[in-house]
Asker: 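Mind looking over this structure? Questions follow.
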Amino acid sequence: MTRPTSTTAVLRAALLTLGLLVLLGLGLPWLSERGRSETSAEIAARLQSPASTIVLGSSVAQMGIAIERLPDSLSLAFPGTQPAHWLAIWRHHVVARGHRPARLVLYAPLASLGNGELVEEAERSELLSILPRDPQLEELALGAPVGLGDRFHRYRRSLRDGLLSVITEAPTLLGTPMPEQAPSAPNPSAPNLSAPNLSAPHRVEMPRTMPIQTSLTALLIDEATAAGTRVVLVVPVVKDGPVEDREQQQLMGWALNEPVDLIDLSCLPVPEGEFYTHHHLRERGREQVTDALATVLAGLPPGPAEAPGTYHRCPN
């Protein structure tokens with residue numbers, strides 16, 4: 001038997017190495033995609049069904065709007081999010097993927113619209129999990145662009161999570177049924193997942209505020225309007241009625257001069273028993289608010305609003 005020459009062995013090793021590099025080049029992005037954060041994956045899943053209206057906001061929007069009662073709409077509102085997250089979702093998940101909704105609804109307390117640089121670690125981590133490289137937004141929302149070391153750590157973590165996902169799902173992908181698990185007994189001490197968590201284990205640090213005229217919210221409005229989307233700013237209903245302090249009046253005055261439609265639902269007569277918290281609603285209250293909002297939205301003209309837009313206060 002003739003043994004391969006050293007040149008042939010080197011060539012085979014080089015081809016094998018090249019093949020492995022090609023497989024890595026094809027496989028690593030796929031694994032990284034599988035290892036995305038739950039929020040990022042959920043955003044992608046919801047955007048698979050394009051809608052003419054997209055709702056952004058925090059848990060206030062999530063629990064304030066029954067999205068199934070708004071025609072041709074989808075919600076990208078997630079708990080614990082701030083204007084930085086909303087801008088990241090709009091810029092990198094909606095527009096960057098070719099979506100051009102006719103309408104963007106921001107359902108958020110006016111006082112939150114000037115929230116800028118994130119201080120709470122959970123909020124900073126959540127932003128990084130949905131944000132590709134964006135030095136401008138990183139500077140505004142995190143205080144400085146994200147370094148290469150941190151990016152590498154994030155990429156490595158997404159690869160790890162993606163690999164674990166593949167290993168976990170491998171039997172199903174190969175057609176092997178997973179063994180059934182015995183149902184667990186109900187846990188009487190388990191939390192009610194339909195209600196917001198009102199017992200925070202620590203004091204939440206609020207984001208640093210920005211002048212509303214140069215805020216992340218103002219930037220979001222500008223970018224959405226430039227994309228041909230009509231922006232609708234909705235003031236949520238509140239348990240104890242509308243607040244009439246100086247800050248609210250200033251924010252209302254700013255909004256009335258922006259290219260947005262302003263819908264003030266703060267004085268909508270929702271029964272007190274329909275509130276979990278000052279802003280979070282139960283099911284019937286959510287339906288009442290959504291129906292009132294849908295009525296106003298149906299009457300808005302198409303295309304981006306011209307500055308200033310329309311103003312609607314507590315429809316009956």
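Counting begins at 1 with the first residue of the sequence. Just so it is clear, the values below take in all heavy atoms, side chains as well, and ignore hydrogens, waters and symmetry mates.
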Asker: Side-chain donor-acceptor pairs under 3.5 Å in residues 217-224, sequence neighbours left out?
Answerer:
residue: Thr217; atom: OG1; partner: Leu113; partner atom: O; Å: 2.7
residue: Glu223; atom: OE1; partner: Arg91; partner atom: NE; Å: 3.2
residue: Glu223; atom: OE2; partner: Arg91; partner atom: NE; Å: 3.4
residue: Glu223; atom: OE2; partner: Arg91; partner atom: NH2; Å: 2.5

Asker: Which residues pass the side-chain hydrogen bond (donor to acceptor under 3.5 Å, both in side chains) test with Thr229, sequence neighbours left out?
Answerer: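 Thr229 satisfies side-chain hydrogen bond (donor to acceptor under 3.5 Å, both in side chains) with no other residue.
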Asker: Kindly write out the residues that satisfy side-chain hydrogen bond (donor to acceptor under 3.5 Å, both in side chains) with Ser59, not counting sequence neighbours, or none if the list is empty.
Answerer: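 Ser59: side-chain hydrogen bond (donor to acceptor under 3.5 Å, both in side chains) contacts with His280.
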Asker: Which pairs with one or both residues in residues 39-68 pass disulfide (SG to SG under 2.5 Å), sequence neighbours excluded?
Answerer: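 Counting only pairs at least two positions apart or across chains, no disulfide (SG to SG under 2.5 Å) contact touches residues 39-68.
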Asker: What disulfide (SG to SG under 2.5 Å) pairs are there with at least one residue in residues 243-307, not counting sequence neighbours?
Answerer: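 Sorted result for residues 243-307: Cys267-Cys314.
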Asker: What's the verdict on side-chain contact (heavy atoms from CB on, under 4.5 Å) for Leu233 and Glu258, showing C-alpha distance, side-chain angles and the deciding distance?
Answerer: CA-CA 10 Å; Leu233 180 59; Glu258 288 295 298; over 6 Å; no
Asker: Could you list the residues that satisfy salt bridge (Lys or Arg N to Asp or Glu O under 4.0 Å) with Arg208, not counting sequence neighbours?
Answerer: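 Glu117.
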Asker: Do Glu138 and Leu131 come close enough that some side-chain heavy atom pair is under 4.5 Å?
Answerer: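 Glu138 reaches Leu131 side chain to side chain.
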Asker: Glu123: what forms a side-chain hydrogen bond (donor to acceptor under 3.5 Å, both in side chains) with it, not counting sequence neighbours?
Answerer: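 So Glu123 forms a side-chain hydrogen bond (donor to acceptor under 3.5 Å, both in side chains) with Gln82.
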Asker: Going by the salt bridge (charged side-chain N to carboxylate O under 4.0 Å, His left out) test, which pairs reach into residues 268-284, not counting sequence neighbours?
Answerer: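 Passing the test, one end in residues 268-284: no pairs.
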Asker: Under 3.5 Å, is there a donor-acceptor pair between the side chain of His93 and the main chain of Leu76?
Answerer: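 No.
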Asker: Could you pull out the closest heavy-atom pair between Pro236 and His279, with the gap in Å?
Answerer: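 Taking Pro236 first and His279 second, the nearest heavy atoms are CB-CD2, 4.1 Å.
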Asker: Any disulfide (SG to SG under 2.5 Å) involving residues 80-129? Give me the pairs, sequence neighbours left out, ordered by first then second residue.
Answerer: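 Applying disulfide (SG to SG under 2.5 Å) to every pair that reaches into residues 80-129, excluding sequence neighbours, yields nothing.
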Asker: Same cluster or not: Met206 versus Leu216, using hydrophobic residues (I, L, V, M, F, W, Y) connected whenever any side-chain heavy atoms lie under 4.5 Å apart?
Answerer: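 No, no single cluster joins them.
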Asker: Is there a path of hydrophobic side-chain contacts, each under 4.5 Å between heavy atoms of I, L, V, M, F, W or Y residues, that connects Met63 with Val238?
Answerer: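 No; tracing contacts between hydrophobic side chains, which count when under 4.5 Å, never links both residues.
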Asker: Check whether Tyr311 and Val235 end up in the same hydrophobic cluster, where Ile, Leu, Val, Met, Phe, Trp and Tyr are linked by side-chain heavy atoms less than 4.5 Å apart.
Answerer: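 Yes: a chain of side-chain contacts under 4.5 Å links Tyr311 to Val235.
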Asker: Could you give the side-chain donor-acceptor pairs of residues 98-112 under 3.5 Å, partners two or more places apart or in another chain?
Answerer:
residue: Arg100; atom: NH1; partner: Val95; partner atom: O; Å: 3.1
residue: Arg103; atom: NH1; partner: Thr53; partner atom: OG1; Å: 3.2
residue: Arg103; atom: NH2; partner: Leu297; partner atom: O; Å: 3.4
residue: Ser112; atom: OG; partner: Pro109; partner atom: O; Å: 2.7

Asker: Check salt bridge (Lys or Arg N to Asp or Glu O under 4.0 Å) between Glu287 and all other residues, then give those that pass, not counting sequence neighbours.
Answerer: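 Checked Glu287 against salt bridge (Lys or Arg N to Asp or Glu O under 4.0 Å); matches are Arg69.
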Asker: Under the side-chain hydrogen bond (donor to acceptor under 3.5 Å, both in side chains) test, which residues partner Trp86, sequence neighbours left out?
Answerer: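 For Trp86, the residues satisfying side-chain hydrogen bond (donor to acceptor under 3.5 Å, both in side chains) (neighbours in sequence not counted) are Thr81.
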